[in-house]
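Below you'll find the structure, written out as structure tokens, and then a few comments.
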Amino acid sequence: MPTAVPTPKAVVHQRFGAKARYTVEEVREDVGGCPGLAPQTRNVYRCALDLPGLSVATPGTFLRKKDAEQAAAQIALDKNFLSSTHPLIGHLCVSLRRTGDLIGRLPLSAIAACDVKVNTLCKLIDHRAEFDPLLVLSLLYNAAKQSPGVSVSDSNFWIQSEKPYSPEAVDSALERWSGTTDPVEVEAVLVPHMLEDELKTVRINLRDNEHYMSYVAAELSAIDSSHVLVSRTIGKTSSEIRLYFAAANIHAVSDMSKHALDSLGDGDINWQVNKRASYICGQTIYGDALLANIGYTRRDSELHTEDVNLCSYYRILLGKLPDGNCKMSRDSILAAELPSAYSRFSWKGLSPRDLLCSFCRLQRLPEPHFAVSRVSCDTLMSAVSSEERGAPAGSAENQYTNDVRINKEKPDLFKCEVNIRSRKQEVLLEYSAADTWSKESDAIQNSSLKVLIWFNNYFKKLTSKTGKLYLSESTAGVKVHSNIFLQEFAMCLSVYGKNGCSDSAMCSAVGPFSMDTQKKHLESTAKLTHIEGPDSGVFPSHGSLTCISYTASLVTKDKAKTYLLESHNEFEFEIGTGAVSNQLESCVTQLSVNQTARFVAELPPRDLIMAASCEFSHDLSNVSSESCFLEFSVKVLQVTEPLEDRMEKALFSPPLSKQRVEFAVRHINELHATTLVDFGCGSGSLLDSLLEHPTTLEKLVGVDISRKGLTRAAKSLHQKLSKKSTTQTNVPTAVLYDGSITDYDSRLYGFDIGTCLEVIEHVEEDQATLFGNVVLSSFRPTVLIVSTPNYEYNPILQGSAMPNKDDEADESAGPCKFRNHDHKFEWTRLQFQCWATGLAVKHSYSVEFSGVGGSGEEPGYASQIAVFRRLVQGQEAMCLDEDGDQPYEVLWEWPNACVN
């Protein structure tokens with residue numbers, strides 16, 4: 001199909017945007033009429049168009065308003081005005097205002113910065129020119145010396161036409177350029193070439209219609225404006241932010257294109273590479289540099305100016321990090337983090353694929369290469385051995401080879417490989433994993449996220465104060481070609497490596513490097529203050545989509561000054577995905593809907609504080625980190641329960657969580673149990689629910705490794721037990737322990753009943769087996785109840801509940817999708833039975849299988865349950881006196897408990 005020709009108005013809008021102002025006038029026009037009758041009239045339109053430096057009007061009228069506007073735009077085009085909007089026109093206009101020898105002289109660096117064709121020719125001559133403005137200047141200078149019609153000097157980098165400009169050309173240029181009549185003060189950032197020297201803000205006063213590069217030259221102590229070089233634009237394509245730096249003497253620059261770059265002298269400051277400046281623009285910058293937003297654009301020939309402060313610099317620096325655009329796309333630099341899991345339902349901001357592409361572009365790398373392939377479910381099943389699925393070889397599990405893993409409606413799955421290439425198109429990183437997805441887009445997004453997480457972990461290693469950094473050549477599906485990688489990221493390593501690694505030998509060794517996308521962070525519990533609002537009873541939980549408002553302020557320790565760094569009226573994220581800082585998530589999970597609180601957070605790196613401090617960058621540049629702290633104020637606005645819970649509620653009444661509680665209550669009363677320990681109690685939902693049922697229990701104990709979950713459990717249990725103690729006399733005692741369920745503590749030996757409901761799937765399979773061995777061999781409860789999702793039931797659940805009424809079900813893990821992205825595994829009935837039977841035989845327990853949710857017929861219960869019963873009753877007291885085995889910490893106890 002032929003390409004549509006843009007209308008005159010579209011061309012004007014493309015060049016001028018909002019600066020193009022149309023004024024349409026409606027008039028009545030006489031169209032004649034029949035003799036003896038009143039004259040006939042009609043409404044017609046004429047249009048005036050105002051552009052920078054030009055005003056036109058339609059000489060006639062038009063029946064339609066849009067025709068009048070198009071005619072005015074065409075008149076502007078016919079006057080050939082738009083051809084004068086090349087950025088070089090601004091430079092030329094200034095040169096024509098000069099007197100004496102300088103009239104009509106242009107700095108060669110202006111041509112190098114503004115003329116795309118010239119840059120393309122330089123790159124064809126020498127490929128290094130793409131990344132070195134000084135080399136471009138050298139090529140231009142030597143070419144100009146041999147070109148007829150133009151002349152260059154032997155002492156500077158001016159170029160001018162050998163023919164004098166006509167008076168008409170001068171008048172035309174001056175007429176179309178408004179210039180700078182009043183002094184303008186522009187803020188810029190001086191980037192010293194020495195990494196040890198601090199950045200500083202400078203102010204440039206533009207006045208008297210002089211060429212702006214003359215003032216830049218003065219700031220850089222350059223000989224004159226012709227010795228000022230200009231980098232490519234930095235950041236957005238619409239931005240005019242560039243780096244300016246001074247050229248060396250003319251003879252050295254002239255010889256530069258004839259000799260190797262590394263043969264140049266190192267003594268002159270102007271030959272020393274500015275690593276920080278080079279890193280942020282992707283070109284080689286020499287000596288001190290000025291980061292400024294000054295120049296002429298293609299929109300018009302007026303000088304464009306905009307302040308650039310320290311915040312601008314640190315935002316540019318942040319954007320080059322793997323998680324930087326994730327933070328900035330959410331406008332949340334201090335709170336947001338790169339999530340560890342992707343879900344179309346809960347992901348916010350730029351997609352992982354867009355983030356990875358942006359990261360590569362900002363590193364001046366080619367676009368990532370995504371290779372998506374189809375994987376037949378039959379092939380996938382044949383590749384999965386019985387041992388890998390947890391069953392003995394040759395077992396009856398073969399009856400499940402045609403189970404729900406094979407979705408007849410969607411017979412094929414997708415997997416995605418990602419290649420990151422160098423500027424020379426050499427592969428520097430490859431990602432290939434066995435994960436498969438039901439949608440091609442999900443395969444791309446999840447693979448992109450894995451690569452981003454790898455890069456993010458690597459960059460965080462760079463900024464950490466480690467003595468030596470290792471670059472693993474193969475980790476969890478990622479293969480790194482270390483030599484190419486180190487060469488490509490040499491400038492990045494030299495900038496970030498100042499914290500503990502050298503420029504050259506850095507990362508040369510191969511060693512371990514973690515890339516666990518479900519990594520467990522060291523938990524940072526936020527200590528809340530100024531809690532306000534009633535307890536609504538609706539708390540965020542793992543997997544819930546939570547909406548909050550927050551402010552983050554830097555406060556001096558004497559509280560004399562408070563700097564508001566960041567605020568959000570509505571910020572949404574999924575609990576448990578690492579989408580926010582640990583302390584912020586800890587705060588949110590301790591609050592109910594409509595409650596507010598404050599907490600003091602760990603002070604982030606100075607780079608992040610400066611990137612967030614748009615209004616206070618001047619003041620904060622001199623503030624010591626030792627004299628201030630970061631304070632968050634948070635309010636929970638809304639909580640949407642996890643997708644797993646919504647799927648269960650769509651099918652079951654009461655929900656599966658309540659059915660599991662009722663199952664436990666029945667066994668408690670049948671056993672006449674007086675003591676119960678809940679392994680992996682989380683936020684205490686089971687213990688809390690048991691208090692609402694009549695039972696024989698006299699003591700309740702909960703164990704969990706999450707302090708923030710235990711804190712919320714303590715708050716809820718304290719409120720309920722306080723109310724029960726005022727109306728009842730047989731109130732059970734309760735204790736909450738902070739500890740791992742795979743560690744033995746003698747205080748919990750020999751309880752009547754132990755529960756572990758929907759917990760084991762959140763740890764790796766070997767840890768689940770370790771728990772089973774520890775609890776049955778050491779804790780030795782009379783009865784142990786363990787529940788876990790039935791993998792075979794998932795298609796029914798996922799087909800019955802939608803994330804939103806207008807959205808499709810989240811199938812981000814394919815037809816074999818787990819119910820929660822935090823699940824490390826989900827077992828079929830046979831897998832679960834093999835696991836439980838093996839443990840029971842090994843530790844002298846019997847085991848029976850049941851479940852809740854559904855009828856129990858194919859494909860079984862939604863939640864499968866194993867009930868272990870201890871067989872041996874004698875000689876069971878040997879562990880009771882071992883007081884040394886008490887690794888658990890008492891976090892809360894009733895009575896004699898106090899909850900803030």
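Quantities reported herein were computed from a predicted structural model and do not represent experimental measurements.
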Point to revise | Which residues share a salt bridge (Lys or Arg N to Asp or Glu O under 4.0 Å) with Lys66, sequence neighbours left out | key: none
Check your understanding: Residues two or more places apart in sequence or in another chain: which of them pass salt bridge (Lys or Arg N to Asp or Glu O under 4.0 Å) with Glu440?
Key -> none
Review point. Does a sphere of radius 6.0 Å around CD in Glu570 hold more than 12 heavy atoms from other residues, nucleotides or ligands, not counting ones at 6.0 Å or beyond?
Key: no
Check your understanding: So, the side chain of Arg364 versus the backbone of Cys281: is there a donor-acceptor pair under 3.5 Å, distance only?
Key -> yes
Study note, to complete from the structure: The reported gap from NZ in Lys145 to OG in Ser153 (rounded to nearest 0.5 angstrom) is 10.0 Å
Check your understanding: Is a side-chain N or O of Tyr313 found less than 3.5 angstrom from the main chain of Ala188, in a donor-acceptor match?
Key -> no
Exercise for review: Would you check if the side chain of Gln283 reaches a backbone N or O of Arg232 as a donor-acceptor pair within less than 3.5 Å?
Suggested key: yes
Point to revise | Rounded distance [0.5 Å steps], CG in Asn293 versus CG in Asn309 | key: 11.0 Å
Exercise for review: Determine the minimum heavy-atom distance between Ala289 and Asn274, stating which atoms define it.
Suggested key: N-ND2, 3.7 Å
Point to revise | Check: Val228 main-chain N/O paired with Ser109 side-chain donor or acceptor under 3.5 Å | key: yes
Check your understanding: How about Asn569: does its CG atom have over 12 heavy atoms from other parts shown lying under 6.0 Å from it?
Key -> no
Practice item. Examine distances only and state if a side-chain atom of His227 and a backbone atom of Ser221 form a donor-acceptor pair shorter than 3.5 Å. Key: no
Check your understanding: Taking Thr305 for the side chain and Val186 for the main chain, is one N or O donor matched with an acceptor at less than 3.5 Å?
Key -> no
Revision key, fill the gap. Applied to residues 310-329, the salt bridge (Lys or Arg N to Asp or Glu O under 4.0 Å) test, sequence neighbours excluded, yields Asp323-Lys460, Lys327-Glu337
Exercise for review: Fit a plane to each ring of Tyr244 and Tyr212, take the angle between them on a 0 to 90° scale, and name the class: parallel (under 30°), tilted (30 to 60°) or perpendicular (over 60°).
Suggested key: perpendicular
Point to revise | Flag, side chain of Asp50 to backbone of Arg21, donor-acceptor distance under 3.5 Å | key: no
Review point. How many angstroms lie between OH in Tyr279 and CD1 in Ile316, if you round to the nearest 0.5 Å?
Key: 12.0 Å
Review point. Hey, does the side chain of Asn119 reach the backbone of Ala112 with a donor-acceptor pair shorter than 3.5 angstrom?
Key: yes
Exercise for review: Hey, could you give me each pair passing salt bridge (Lys or Arg N to Asp or Glu O under 4.0 Å) that has a residue in residues 345-360? Not counting sequence neighbours.
Suggested key: Lys348-Glu572
Revision key, fill the gap. Here the gap from Leu355 atom CG to Met328 atom CE, rounded to the nearest 0.5 Å, amounts to 10.5 Å
Study note, to complete from the structure: By salt bridge (Lys or Arg N to Asp or Glu O under 4.0 Å), Arg242 pairs with (sequence neighbours left out) Glu240
**Study point:** Steps toward salt bridge (Lys or Arg N to Asp or Glu O under 4.0 Å) verdict (Arg64, Asp67)
**Key:** CA-CA 5 Å; Arg64 296 190 301 177; Asp67 291 339; 3.0 Å; yes
Review point. Is the backbone of Ser351 close enough, under 3.5 Å, to the side chain of Gln445 for a donor and an acceptor to pair up by distance?
Key: no
**Study point:** Partner set under salt bridge (Lys or Arg N to Asp or Glu O under 4.0 Å) for Arg42, not counting sequence neighbours
**Key:** Glu29
Check your understanding: Are Arg423 and Phe131 in a cation-pi setup, meaning NZ or CZ lies under 6.0 angstrom from the ring centre and within 45 degrees of the ring axis?
Key -> yes
Practice item. Return the orientation label for the Phe245 and Tyr286 ring planes: parallel under 30°, perpendicular over 60°, tilted otherwise. Key: tilted
Point to revise | Any donor-acceptor pair under 3.5 Å from Ser231 side chain to Leu243 backbone | key: yes
Exercise for review: Check the angle between the aromatic planes of Phe489 and Phe455 and answer parallel, tilted or perpendicular using the 30° and 60° thresholds.
Suggested key: tilted
